[in-house]
Every structure is written in structure tokens, then in C-alpha cells.
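Just below is one structure, and these are the notes that go with it.
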Number of protein chains: 2
Amino acid sequence: MTHAPTQRMRTEARQGRGIPEATVARLPVYLRALTASSDRGVSVASSQDLATAAGVNSAKLRKDLSYLGSYGTRGVGYDVEYLRYQISRELGLTQDWAVVIVGIGNLGQALANYAGFSTRGFRIMALLDADPAREGERFGGHEIRRMTDLEDIVGAHGVSIGVITTPAAAAQGVADRLVAAGVTSILNFAPAVISVAPGIDVRKVDLSIELQILAYHEQRKGPATAGVTSPPGVESA
Amino acid sequence: MTHAPTQRMRTEARQGRGIPEATVARLPVYLRALTASSDRGVSVASSQDLATAAGVNSAKLRKDLSYLGSYGTRGVGYDVEYLRYQISRELGLTQDWAVVIVGIGNLGQALANYAGFSTRGFRIMALLDADPAREGERFGGHEIRRMTDLEDIVGAHGVSIGVITTPAAAAQGVADRLVAAGVTSILNFAPAVISVAPGIDVRKVDLSIELQILAYHEQRKGPATAGVTSPPGVESA
DNA sequence: AGGAGTTTGTGAACAGGAGAACAAAATCGC
DNA sequence: GCGATTTTGTTCTCCTGTTCACAAACTCCT
Ligand SMILES: NC(=O)c1ccc[n+]([C@@H]2O[C@H](COP(=O)([O-])OP(=O)(O)OC[C@H]3O[C@@H](n4cnc5c(N)ncnc54)[C@H](O)[C@@H]3O)[C@@H](O)[C@H]2O)c1
Ligand SMILES: NC(=O)c1ccc[n+]([C@@H]2O[C@H](COP(=O)([O-])OP(=O)(O)OC[C@H]3O[C@@H](n4cnc5c(N)ncnc54)[C@H](O)[C@@H]3O)[C@@H](O)[C@H]2O)c1
């Protein structure tokens, strides 16, 4: 999304090791399906099996996997462990990634407490918040540190990924500071468009947008039954 | 995404009131840009202004808006308030939508505390959790209620949107129950593929996937500088 | 060994979306 | 009133992504 599609990239994308963006976005889903299969003791799975588990078309799954190489066996399927390793490697998950979270409010705390990150190779190196009164509070085994420590932490641990969970008004400033400190990928939860230098990746997660998209489809499916039936106060059962 | 692309839908999409999916996903961003302009006292904005604020190409913005109708004035731009209303109406935000959140753990609590939902017309009607010990706890002015109340709540308030923030293993079951109760749109935060009947919309928000996509690009941009500085663990094959 | 049955990998057709470019329509200055 | 200027709405072209369909490759059984 933030990858400027230069001619060079586009050219070397197909011939070299490049993988279509849409495929990259699905590889983690396949990885999860493979992990689930592995946990159930399955050692070989067909594209059909995996596609069902991942919720996609089997032809699409096969084409996606073909970008990584020919890791399947015709007439048999894919070796679960082997494919799992290959996808992990392609996604860069055979190494750990250092992460900082900035803005430890409701959402930042939830993320800090979430175990699912570290199990996937994302190591939270620090929690940062602008409120000095919060310093020292602990979430998920991590301590809140003051914003002035940001540059040191990023430098010392080679932090490449920053997560922004501050209010929208602060997001651009925080992003600028993260990038200046050396972060090259940002996951932004604040409902704000942030602009960064070329070469820096930004992905956004926006819950309000997701709800609004649902509302659009909802409105179109049943105008008759749509809407809230009771007055907008507190619930009255 | 969950909309089965039947021929009928595809046909009536262009001629009637249908809007391309990619456009629908951007309308909330435009809406936010318009609200920001409005708050700054701006009453008219050009496609260029709005495109910059929304982080998109101006031609794309104009084309997106053209699906709603001809609401701009050539040589002038778009009336901020008028366009804001038109987008709101198209997205179905001129009415309120009733929402339930199921699974009030770290993430569910953060969502319950989040003020940004109600300000956009999404009314949280109930917080539900399987743990009976949690009943009665309050978050953001809402009380946790027991799962057995789900059907009554959905029925009584015409709840059409369900948010799932339970562990992955519980997600499918919760989804089934929400749909059976009458919910027709689901926002799923659990890292699980859930399958639903045709006509039910499911959108997923998956933080791990977002991080993994960032890791992929991160790995490719600087293999030299990538990685955590601590020992690598299992790598060299 | 050979044929039947499976399942992958990919070519080809198709659909959808992005962006450049420009004609049409409005305002403004004189 | 009229030309210069601005900005929209839309057409056209290109590119990415999806899906079908099938040959190639493998296993298993006799
Ligand atoms: N809570 C949710 O469920 C939710 C849902 C959707 C979107 N969001 C978005 O996520 C962001 C965080 O939401 P929240 O509910 O956690 O908000 P919050 O107000 O609870 O937390 C924000 C935190 O950021 C800190 N902060 C403020 N300015 C800062 C700065 N310049 N540098 C560092 N830290 C700073 C504050 O001290 C606070 O701790 C917001 O942008 C919000 O719109 C939240
Ligand atoms: N916390 C995060 O930041 C984060 C990040 C990414 C993904 N997730 C995902 O979001 C989901 C919730 O995460 P969390 O950290 O809030 O987990 P959590 O364990 O803190 O909360 C889960 C809640 O769901 C309730 N629950 C369990 N089974 C239920 C059922 N069948 N019906 C109703 N309620 C049930 C539990 O009582 C608990 O309160 C998980 O699937 C997690 O993978 C969370």
C-alpha cells in the first residue's frame, strides 16, 4: 500500500522472489491453517483441505503457494511441516521482530496483554506513553517507559516495527518520531492518515471503518428491518 | 468479501445503486476527512484537498464520489456539509445500528470503553461473556450480561451487528448463535475463519496478520539490518 | 508393468480497480 | 457578455487479481 510501485519493483517482482501483495496477505492465513492441521496430527494436506480451513478457493491457494516454489506433491498434497516452514521463511518469521507500542490506553493495554504476538515471533521491547504518571505501570510483563526513552530503545534493540495506539491527533507526530529513530514499519490503530517517507511501510487497522462497511451492506440487505427499535438511552429489557 | 458475487448482483451493481467494494471501503475515510474540514470551518473543498487529507489520489476520489451522484460543482469543489450528508446516507449512517460485543476480555473491554463507536451511530446494546463471574461488571457504561440473554437482547433491540472478541476456539460457535438470533453482520477479531450462511456478512480484523505482512516487507527491504539483536535461535538450515 | 485415480502447477480468459488525461461545466474579472 | 481559469465527471488504458480447466506428475492396486 505504501510501497511505491516503481518500474523496477514491478519488473523484478515477477521474475525474482517477489510475491503479489494479495498473496502475501493470505499467507498468514494459510500458516494458521497449517498450524491447526499440525496440532491435530495431520502430516499431509491437500490444497482442498487447506483451502477449506483457510476459507478460500483451492485454485487460489495453489496459485498462491506456487509463488513460493513447487512444494507440493502431485497426487498427494503438501507436507504440513515442510510447507509451514517455507511460508514462515518467506514471511520472515524465522527471525524475531522487535516491536514498540506507543500510547498505552485502552487499546494499547489490550495489545500489551495479548499473548498471541510473542508466540509468533514479535517481541514487545517497550511500552511508551506520553503521560509521565503512567511510567512504571506494567502490562503483560512489560513496563511503561517515558517517551524520551524512545530513541534509545529503538536504537538499542534494533526495533523495526512500531505500533501506534495514541489518539488520532498525536499519531502523525509519533510516527515521525518513530521513523526518525529508525523504525521502518508502522501499524497504526489511530483513525488518522499518516504520511511517511518512501520505503517506510504503514498499515492501518480501523475498527470504525470496518463497522461502517458492515453498515453499508446491512442497509442494502434489508431496508425494512434495519434500524434500532428502542430509544437510544440505556438498554431496557 | 463474503458477498457471493452472483450474476444478478454484478449486473445490478453498476446500473442501480451499487457501489464498488473498493469504493465503499474508502468512503469512511472521505467522511473522516470531511468531518475534519468541517471542524476547521471549511465549507467547500476540492477533490485535491480531500484527496490529500484522505491519503489517496484525487482522480480516484472523484471517481469514487461519482458513484454516489454528481454532488460537486465544477470549477468550485464539493460542499463539505452536503457531501458529508450524502456519504453518510449512502453508508447507512443516518440511522443508528445496534451492536453486541461477545467476549469481554482484554480486547472486548477496550472496545466497550471506546467512545468512537457511539459517536458514529453504533450503539452498544450489550456486552456478553461466557464467564458467569463477570456478570454485572461495567465498561464504558455497559454492563456485562450472561450469554443466555443473547437471544432476548438481539431480538428486543433489533441488533444486526455482532462483534466477536472471544478466543479463536469459541468464535464459530458464537457466530452461529449470533446468526441464529438474528444478527446479519459480524466483525470478528478472533484469529479463526468462521463460516456463515449466505447473506451474512463477516469482516475480520486480525492483528497478527497485519504484523506478518509488515514482517514480510521488512525482511525484503534490508536483510542486512533486519532482525533482533539477541541470539537468533533456530535459523541456519 | 500398466492402468485407474488423485492432486498439483499453470496457461488462459475474465473481472475489477488504478491512474492519466481531457472535455464539460462552473466561476471570475473586465 | 466573454475569455481565462478552475475543477469536476468520465473515458481509456493498464495492471493486478480471480477463477476455470487441464496436462503433468505422482500413488496405488492388480
Ligand atoms: N479502544 C478501542 O477499542 C479503539 C477502537 C478503535 C480505535 N481506537 C483508536 O485507538 C487509539 C487509542 O485508543 P484508546 O481507547 O486506547 O485511547 P486512550 O485515550 O485510552 O489511550 C491513549 C493513550 O495514548 C497516550 N498518548 C496521548 N498522546 C500521546 C503521545 N503524543 N505520545 C505517546 N502517548 C500518547 C495517552 O496518555 C493514553 O494513555 C485512538 O486513536 C482510538 O481512536 C481505539
Ligand atoms: N488482546 C489483543 O490485543 C488481541 C490482539 C489480537 C487478537 N486478539 C484476539 O481477540 C480475541 C480476544 O482476545 P483477548 O485478549 O481479549 O482474550 P481474553 O482471553 O482476555 O478474553 C476472552 C473473553 O472471552 C470470553 N469467552 C470465552 N469463551 C466464550 C464464549 N464461548 N462465549 C462468550 N465469551 C467467551 C472469556 O470469558 C474472556 O472474557 C482472541 O481471539 C484473540 O486472539 C486479541
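Order of the sequence lines fixes the chain letters, A, B, ..., with proteins taken first and strands second; residue numbering starts at 1 for each chain.
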(message) side-chain contact (heavy atoms from CB on, under 4.5 Å), that's the test. Do B:Asn106 and B:Thr165 meet it? Break it down for me.
(response) CA-CA 9 Å; B:Asn106 290 311; B:Thr165 49; over 6 Å; no
(request) Would you please enumerate the stems DNA chain C participates in, each stem being three or more consecutive Watson-Crick or G-U wobble pairs with both distances under 3.5 Å? (result) C:1-30 with D:1-30
(message) In whole Å, I'd like the distance from the CG atom of A:Asp49 to the P atom of C:dT7.
(response) 8 Å
(request) Write down the distance between CG (A:Leu27) and P (D:dG17), rounded to a whole number of angstrom. (result) 12 Å
(request) Report the residues that fulfil salt bridge (charged side-chain N to carboxylate O under 4.0 Å, His left out) with B:Asp79, sequence neighbours left out, ordered by chain and then residue number. (result) none
(message) Restricting to non-hydrogen atoms, name the atom on A:Ser160 and the atom on A:Trp97 that form the minimum distance, rounded to 0.1 Å.
(response) OG-CE3, 3.4 Å
(request) Check the pair B:Glu81 / B:Ser43 against side chain to side chain donor-acceptor pair (under 3.5 Å), numbers first and verdict last. (result) CA-CA 7 Å; B:Glu81 291 306 325; B:Ser43 67; over 6 Å; no
(request) Report the distance from atom CG of A:Leu83 to atom P of C:dT7, rounded to the nearest whole Å. (result) 16 Å
(message) For D:dT8 and B:Ser47 - does any side-chain N or O of the residue sit under 4.0 Å from the phosphate oxygens OP1/OP2?
(response) yes
(message) Closer than 4.0 angstrom, basic N to acidic O: yes or no for B:Asp201 and A:Arg220?
(response) no
(message) Is any side-chain heavy atom of B:Leu91 closer than 4.5 Å to one of B:Arg120?
(response) no
(request) Heavy atoms only: give me the nearest A:Gly55-B:Val193 pair and the separation to one decimal. (result) CA-CG1, 4.0 Å
(message) Just to verify, which of B:Ile209, B:Ile194, B:Leu187 counts as forming a side chain to side chain contact (heavy atoms under 4.5 Å, CB included) with B:Lys204?
(response) B:Ile209
(request) Nearest-nucleotide wise, let me know which of A:Thr73 and A:Arg26 is further upstream toward the 5' end of DNA chain D. (result) A:Arg26
(message) Just to verify, which of A:Tyr82, A:Tyr30, A:Tyr78 counts as forming a ring-ring contact (aromatic ring centres under 6.0 Å, His included) with A:Tyr71?
(response) A:Tyr82
(request) Mind running a 4.0 Å heavy-atom check of residues 28-45 of chain A against DNA chain C and sending the residues that fall below it, in number order? (result) none
(request) To the nearest Å, give me how far apart CG (A:Leu50) and P (C:dT7) are. (result) 12 Å
(request) Take the protein atom CD of B:Gln48 and the nucleotide atom C1' of C:dA20, then report the distance between them rounded to whole Å. (result) 14 Å
(message) So B:Leu207 and B:Phe189, do their side chains get closer than 4.5 Å, heavy atoms only?
(response) no
(request) Strictly below 4.0 Å, heavy-atom distances to any atom of DNA chain C: list the hits from residues 52-66 of chain A, or just say none. (result) A:Arg62, A:Lys63, A:Ser66
(request) Mind checking side chain to side chain contact (heavy atoms under 4.5 Å, CB included) for A:Val99 and listing every partner two or more places apart, or none if nothing turns up? (result) A:Phe122, A:Ile161, A:Val163
(request) Indicate whether the side chain of A:Thr184 and that of B:Glu218 have a donor and an acceptor atom separated by less than 3.5 Å. (result) yes
(message) Ignoring hydrogens, what is the shortest heavy-atom contact between A:Ala168 and A:Ala192? Give both atom names and the distance.
(response) O-CB, 3.8 Å
(request) May I ask you to list the residues of residues 74-82 of chain A, by number, that have any heavy atom positioned under 4.0 Å from an atom of DNA chain C? (result) A:Arg74, A:Gly75, A:Val76, A:Gly77, A:Tyr78
